[in-house]
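Read through the structure below, which is laid out as structure tokens, and then see the notes.
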Amino acid sequence: MADASAAAALLKREFPEAIVGTASIHGTPWLRVRTNQVPLVVHYLHTKPDLRGSLSLLWAVDHRPREARYEVLYLFALAERRDWLLLSTDLSDEARLFKSITPHIHAAQWYEREIRDMFGLIPQGHPDLRRLIRHEHWPKGTHPLKKDFPWDRTLGRQQGDYRFRHIEGEGVFEVPVGPIHAGIIEPGHFRFSVAGEPIMQLEVRHFWKHRGIEKLFEQQRLADAVPLAERVSGDTTIGHSLAYCQAVETLLRVDVPRRARYLRSLFLELERLHNHLGDVGAICNDTAYALAHAHCGRMKERIMQLNDRVTGSRFLRDTMTVGGVTRDITAQQRGEIVDVLDQIEKDFSELESIIFANASLTDRLETTGVLTERIAWDHGVIGVVGRASGIDQDVRRDRPFAAYDEIRPKVALYRYGDVRARLRVRMDEIHDSIRLIREIRLKLPDGPTAGEPGHEPRPGDWALSAVEGWRGEILYFIMAGEDGRIHRCKVRDPSFVNWPAIQWAVVGNIIPDFPLINKSFNLSYAGNDL
Amino acid sequence: MFRILKKSIKTGVVTGQHPAAQPAEGSTPEAREKARPFRRSLAVREVDTGSCNACEMEMNALANPIYDVERFGVHIAASPRHADALVVTGPVTFNMERALHDVYKQTPDPKIVIALGDCAVNCGVFKGSYGVTGPVDRHVPVDLRIPGCPPRPAEILKALEELRASRQSTEK
Ligand code: SF4
């Protein structure tokens with residue numbers, strides 16, 4: 001088992017030629033690597049048994065106008081302690097090529113295609129260079145995150161068709177679904193190749209909802225962009241706004257008061273609760289068990305009304321601010337929250353026994369949509385989906401933020417990776433969130449609810465932050481620009497990593513089970529498409 | 001079985017247990033006229049053109065036992081071809097533009113278009129971005145606007161009710 005600085009030292013010993021500089025930023029070791037040697041170094045980092053670095057984030061920064069260079073950055077989490085290690089490589093303004101690491105690390109595939117679309121930098125050796133975010137009607141040469149691309153440009157249109165992967169043969173046919181679906185859900189396109197009933201292949205084509213969020217961040221000041229972060233994925237209002245605030249607080253060196261930290265945990269757990277309750281109901285509904293859906297919908301609605309009463313928003317909007325929280329929760333309100341949750345826990349436990357007593361329901365859930373631990377690891381799958389496939393990861397425990405250094409979550413872990421396991425993880429987390437909220441009520445310290453900034457960041461300073469939202473790990477990378485503006489903001493919703501994995505979980509299942517499998521993943525389209 | 005019945009009896013009827021909505025911004029007389037044929041039954045198709053998903057969640061909430069929108073004769077259609085009204089959310093992204101036009105064409109006349117949420121009404125926080133070509137009324141004619149970010153389910157209900165109310169009850 002190696003910690004990150006030991007791992008950095010090891011890499012430096014092994015690859016003295018490749019590594020051109022080292023530093024440590026906010027406790028994260030940072031190695032600058034020669035562009036040509038990146039694949040070599042990451043392959044070692046990824047496969048060496050005592051390092052087992054998994055790719056957490058891969059993104060690029062255009063440093064213009066300050067410096068005429070691009071930088072590609074690779075954030076790894078070391079397997080055992082999940083310490084962060086950052087690698088980066090510089091590309092000069094004219095050199096638009098960098099070496100793809102996808103042949104070594106599967107999890108890099110979408111990230112590298114994203115960089116190609118958004119920056120026009122080309123990952124050499126990438127096995128799949130089709131467009132990802134810019135659908136085929138986007139004109140050539142439009143790379144929105146380049147600094148010379150105006151944020152409010154009106155795009156023209158060109159002709160073009162996406163080339164799906166085809167399977168050919170007798171009796172094989174394709175079933176296209178979407179982007180507009182039958183239920184009230186977000187747009188996305190799924191293309192199945194089937195022979196008879198079982199699915200042979202699924203190709204997910206997304207990014208219909210691309211609104212240009214990362215570019216919109218660049219038009220804002222560090223202190224002002226919380227409302228935008230709240231709307232990256234509306235169901236994860238707290239998760240995203242908290243991750244954003246934390247990164248900015250690191251940059252501005254704000255000391256967040258303990259009371260504010262506790263309240264942040266409280267809001268985050270409330271958000272987890274109403275979403276998980278909704279998901280449990282929706283999973284049951286997709287097996288046609290409408291009764292459980294109705295009960296869960298009722299409980300979820302109670303929590304949303306509770307949110308509305310204590311914060312003025314059903315989605316807990318406008319509660320986060322840089323430095324702390326915008327509203328305090330009185331002792332009476334805390335009592336009300338715990339009372340409602342006590343009732344809901346009892347209510348929910350009764351429902352759980354009804355659900356698991358129903359053999360025809362559980363039969364649909366078991367062995368459906370299995371995501372094996374191996375595939376989950378290869379794709380760097382995280383969050384609820386990861387924990388249902390044996391990936392033992394939870395930011396609240398691994399890298400405590402808010403008040404999680406004092407109130408410790410129990411991490412729900414299952415190994416089967418089927419729909420039932422994903423349902424179980426959610427059920428366990430519902431109970432655990434209620435327990436955490438009770439603990440917060442008892443331990444909530446007195447004091448102010450927001451801190452003051454102590455520092456003006458220099459242009460080029462950056463910070464990373466991670467939050468365990470209800471879907472999984474949310475990452476923000478924020479680089480400061482001139483006079484308090486944002487130079488670059490990389491947003492990573494857990495959905496972006498988990499979407500490619502669903503393509504593997506459905507293989508061998510039948511199409512009628514797809515909605516069920518999809519619901520058990522319940523990934524965000526908005527947070528994925530940005 | 002016994003357990004299920006016991007649970008249902010214990011839970012009782014929860015429909016209508018929600019705070020009342022603020023008075024809705026009135027719909028225009030033309031929109032009310034257009035909504036005349038749908039007073040008793042309205043099939044709604046929801047189209048997401050790039051929302052943050054909160055507006056969708058509130059639309060979904062309408063179907064839960066608390067709001068139970070079906071009791072007002074409103075149901076969610078699975079296809080635009082079965083719909084009387086399109087509820088459009090989101091600021092219309094560059095990638096969803098065509099899908100919106102297609103759906104509009106596929107919905108049989110007469111039809112009502114409802115822009116739900118600030119995004120659909122005026123693009124909200126996404127206004128001006130290269131990826132956004134909305135708001136909705138730049139692409140298709142809009143009959144009713146329900147602002148809010150997101151509007152609460154009770155507010156959506158109220159706006160729908162007001163749109164479909166018969167003249168007598170709106171006048172009193
Ligand atoms: S109006 Fe607000 S809640 Fe609705 S989709 Fe837009 S940002 Fe989300």
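A note on names: the letters A, B, ... follow the listed sequences, proteins ahead of strands, and every chain is numbered from 1. Nothing here was measured: the structure is a model prediction, and the numbers come from that model.
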Is a donor on one side and an acceptor on the other found under 3.5 Å between the side chain of [X] and the backbone of [Y]?
| X | Y | answer |
| --- | --- | --- |
| Asp117(A) | Arg134(A) | yes |
| Asn95(B) | Ile133(A) | yes |
| Thr49(B) | Gly90(B) | yes |
| Arg32(B) | Ser27(B) | yes |
| Glu46(B) | Ile184(A) | no |
| Arg40(B) | Gly73(B) | no |
| Arg113(A) | Arg131(A) | yes |
| Thr15(B) | Ile66(B) | no |

(request) Identify the heavy atoms of Gly156(A) and Phe94(B) that sit nearest to each other, and give their distance. (result)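 Residues Gly156(A) and Phe94(B), closest heavy atoms: O-CZ, 3.3 Å.
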(message) Using the side-chain hydrogen bond (donor to acceptor under 3.5 Å, both in side chains) definition, which of the options Arg153(A), His210(A), Arg211(A) pairs with Tyr130(B)?
(response) His210(A)
Where does [X] contact chain B at under 4.5 Å (heavy atoms): side chain, backbone, both or neither?
| X | result |
| --- | --- |
| Thr237(A) | neither |
| Arg231(A) | both |
| Glu186(A) | both |
| Leu216(A) | side chain |
| His293(A) | neither |
| Asn285(A) | neither |
| Leu291(A) | side chain |
| Ile180(A) | side chain |
| Arg317(A) | side chain |
| Tyr525(A) | neither |
| His240(A) | neither |
| Asp347(A) | both |

(message) Measuring only between side-chain heavy atoms, which start at C-beta, is Lys215(A) closer than 4.5 Å to Ser129(B)?
(response)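 They are not in contact (no side-chain heavy atoms under 4.5 Å apart), so the answer is no.
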(request) For residues Tyr67(B) and Ile156(B), determine if any side-chain heavy atom of one lies less than 4.5 Å from a side-chain heavy atom of the other. (result) no
With respect to chain A, which residue among [options] yields the maximal number of heavy-atom pairs within a distance under 4.5 Å?
| options | answer |
| --- | --- |
| Ala63(B), Gly131(B), Ala78(B) | Ala78(B) |
| Val132(B), Val92(B), Val125(B) | Val125(B) |
| Val44(B), Asn53(B), Val14(B) | Asn53(B) |
| Met59(B), Arg3(B), Met57(B), Lys7(B) | Lys7(B) |
| Gly50(B), Ala99(B), Pro19(B) | Gly50(B) |

Under a 4.5 Å heavy-atom cutoff, which of [options] has the most pairs with chain B?
| options | result |
| --- | --- |
| Gln219(A), Arg314(A), Glu350(A), Gln305(A) | Arg314(A) |
| Gly281(A), Gly527(A), Ala294(A) | Ala294(A) |
| Lys300(A), Met304(A), Arg157(A) | Arg157(A) |
| Gly212(A), Ser524(A), Gly297(A) | Gly212(A) |

(request) Identify, with sequence neighbours excluded, every residue that meets salt bridge (charged side-chain N to carboxylate O under 4.0 Å, His left out) alongside Glu56(B). (result)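 Counting only residues at least two positions away or on another chain, Glu56(B) forms no salt bridge (charged side-chain N to carboxylate O under 4.0 Å, His left out).
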So for [X], is it side chain, backbone, both, or neither that comes closer than 4.5 Å to the heavy atoms of chain A?
| X | answer |
| --- | --- |
| Lys6(B) | neither |
| Ala77(B) | backbone |
| Asn64(B) | side chain |
| Pro150(B) | both |
| Ala61(B) | side chain |
| Val103(B) | side chain |
| Val47(B) | side chain |
| Ile4(B) | both |
| Cys149(B) | both |

(request) Quickly, which of Arg164(B), Lys111(B), Lys34(B) forms a salt bridge (charged side-chain N to carboxylate O under 4.0 Å, His left out) with Asp143(B)? Name it, please. (result) Lys34(B)
(request) Would you please indicate if the ring centroids of Phe190(A) and His181(A) are separated by under 6.0 Å? (result)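 Yes, ring centres under 6.0 Å apart.
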(request) Kindly determine whether His295(A) and Arg298(A) satisfy side chain to side chain donor-acceptor pair (under 3.5 Å), including the steps that lead there. (result) CA-CA 5 Å; His295(A) 281 297; Arg298(A) 171 175 62 79; 2.8 Å; yes
(request) Just do the side chain to side chain donor-acceptor pair (under 3.5 Å) check on Asn275(A) and Asp235(A) with the steps written out, would you? (result) CA-CA 7 Å; Asn275(A) 280 297; Asp235(A) 45 26; 5.9 Å; no
